[in-house]
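Structure first, commentary second.
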Protein chains: 2
Amino acid sequence: MPFEDERQIFENYIRSKNLKQSKQRMQILEIFLKTEKHLTAEELYRLVKRRFPSIGYATIYRTLKLLCDCGICSELRLDDGTIRYEHLYGHEHHDHLICIKCGKFVEVVDPEIEKLQEKLAKKEGFILKRHRLQMYGICKECRNK
Amino acid sequence: MPFEDERQIFENYIRSKNLKQSKQRMQILEIFLKTEKHLTAEELYRLVKRRFPSIGYATIYRTLKLLCDCGICSELRLDDGTIRYEHLYGHEHHDHLICIKCGKFVEVVDPEIEKLQEKLAKKEGFILKRHRLQMYGICKECRNK
DNA sequence: TTGAAATTGAAAATCATATTCATAATATAA
DNA sequence: TTATATTATGAATATGATTTTCAATTTCAA
Ligand SMILES: [Mn+2]
Ligand SMILES: [Mn+2]
Ligand SMILES: [Zn+2]
Ligand SMILES: [Zn+2]
């Protein structure tokens, strides 16, 4: 059974908050987990709806919030204002290279950049909590089109 | 007369697009320029309103868009979804250190980080167009509070 | 099994931003 | 100047994404 960890985390979180399990929450979790993409709420809604047509939009939003709260999912705010959700659990921190033509996401991480950010923050007297680095450009495939 | 450059740019842009100058546009430009901060549309609206009470909200949005289009102003999307506007003309590219307690903005730039970003993008076959680096943390003043 | 508490989907409410529209201001040409 | 065509304005309304409300349904611990 894949994603056993994530299911456990979700169930534990729900119990710890005195919430209740539900069919819908598990269906949304299922579809979210098996879709390894950077999804908008709407895209996730469509995917879930396709398989479980009675799902409501509000339940998608409500469940996405729970998934973020328990560390399974994380929110990604893009330059054009859209919000996308990606897997968090089991994924190392990474930054994003995003193609402005085709929308492709490439996950990258440069330990040197990470280190320099810490240094920069310290120099200004900040204790760094998190950061976001998004690089927008044109990917190899889109260059000759 | 301060900000002569910016006024020229704005006027030239307006003429080039066959738009018309207006009292309101100049008033908004004035207040925007003399406020060296990272402002939300609402904050700018309040500031302008204080001095020119007849101004409408829509005119703020419309003018902010013009200011961005002509390169005087640039939009900054934060992690919490708010959009802030900052001076662009005459300001070098920079990234942001933001205090999650008091909201302070510190403008920083590390040429080494910039260089490594280019390298990273090239390695993935991307032609980099722009990037955004925001670092969130706790500033020196807020640390002991 | 029961019943209090949480969850659901649909509809309505929010909130920031954009658009509409009737009136006013601006710019260009006579 | 003045005429007139065009654009800008503020108020009101619309929009779109997300949240909240609410009555009906489901969950789960006793
Ligand atoms: Mn990612
Ligand atoms: Mn800045
Ligand atoms: Zn591409
Ligand atoms: Zn601070």
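Computed over heavy atoms, backbone and side chain alike; hydrogens, waters and symmetry mates excluded.
- Distances shorter than 4.0 Å separate none of the side-chain N or O atoms of S22(B) from OP1 or OP2 on dT7(D).
- Y136(B) and Q134(B) share a donor-acceptor pair across their side chains, judged by distance under 3.5 Å alone.
- If you run salt bridge (Lys or Arg N to Asp or Glu O under 4.0 Å) between R84(A) and each of E42(A), E43(A), E75(A), only E43(A) comes through.
- Considering only heavy atoms from C-beta on, I113(A) stays 4.5 Å or farther from E112(B) through its side chain.
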Name the pairs: protein N/O against N/O of nucleotides 19-23 of chain D, kept only if under 3.5 Å.
{"residue": "dT19(D)", "atom": "OP1", "partner": "K65(A)", "partner atom": "NZ", "Å": "3.4"}
{"residue": "dT21(D)", "atom": "O4", "partner": "R62(A)", "partner atom": "NH1", "Å": "3.3"}

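- Remark: P of dT8(C) and NZ of K49(A) are 14 Å apart, rounded to the nearest angstrom.
- Closest approach to the A41(A) side chain among dG10(D), dT9(D), dT18(D) is made by dT18(D) (side chain taken as heavy atoms from C-beta onward).
- When distances run from any side-chain atom of L19(B) to the nucleotides dT7(D), dG10(D), dT7(C), the shortest one goes to dT7(D).
- A pairwise comparison of heavy atoms in C99(B) and I138(B) identifies SG-CA, 4.1 Å as the closest pair.
- The stretch residues 69-87 of chain A comes close to DNA chain D through I83(A), each having a heavy atom under 4.0 Å from the strand.
- Note on Q21(A): only backbone sugar-phosphate atoms sit closer than 4.0 angstrom, heavy atoms only; bases stay farther off.
- Atoms CZ (R25(B)) and C1' (dA25(C)) sit 11 Å apart, rounded to a whole Å.
- Atom P of nucleotide dT18(D) and atom OH of Y45(A) are separated by 14 Å, given to the nearest angstrom.
- If K23(B) and Q24(A) are placed on DNA chain D by their nearest nucleotide, the residue sitting closer to the 5' end is K23(B).
- One atom, CE of M26(A), and another, P of dT27(D), lie 11 Å apart when rounded to the nearest Å.
- Closest approach of I31(B) to T35(B), counting heavy atoms only: O-OG1, 2.8 Å.
- Side chain to side chain, E11(B) and Y13(B) fail the donor-acceptor criterion of an N or O pair below 3.5 Å.
- In this structure, a donor-acceptor pair under 3.5 Å is present between the side chains of H38(A) and E107(A).
- Using cut-offs of 30° and 60° on the angle between ring planes, the pair Y61(A) and Y57(A) is parallel.
- Side-chain to base pairing of K20(A) with dA5(C): one donor and one acceptor N or O lie within less than 3.5 Å of each other.
- Rounded to whole angstrom, the span from the CD1 atom of I55(B) across to the P atom of dA24(C) amounts to 17 Å.
- Rounded to whole angstrom, the span from the CD1 atom of I14(B) across to the P atom of dA25(C) amounts to 18 Å.
- The distance between atom CD1 of I60(B) and atom P of dA18(C), rounded to the nearest whole Å, is 13 Å.
- Sequence order on DNA chain C of the closest nucleotides to E42(B) and S54(A) puts S54(A) first from the 5' end.
- No continuous path of hydrophobic side-chain contacts links L78(B) to L133(B) [ILVMFWY only; heavy atoms under 4.5 Å].
- In this structure, H131(A) has its ring center under 6.0 Å from that of H93(A).
- Rounding to whole angstrom units, CG of residue L29(A) and P of dT7(C) are separated by 15 Å.
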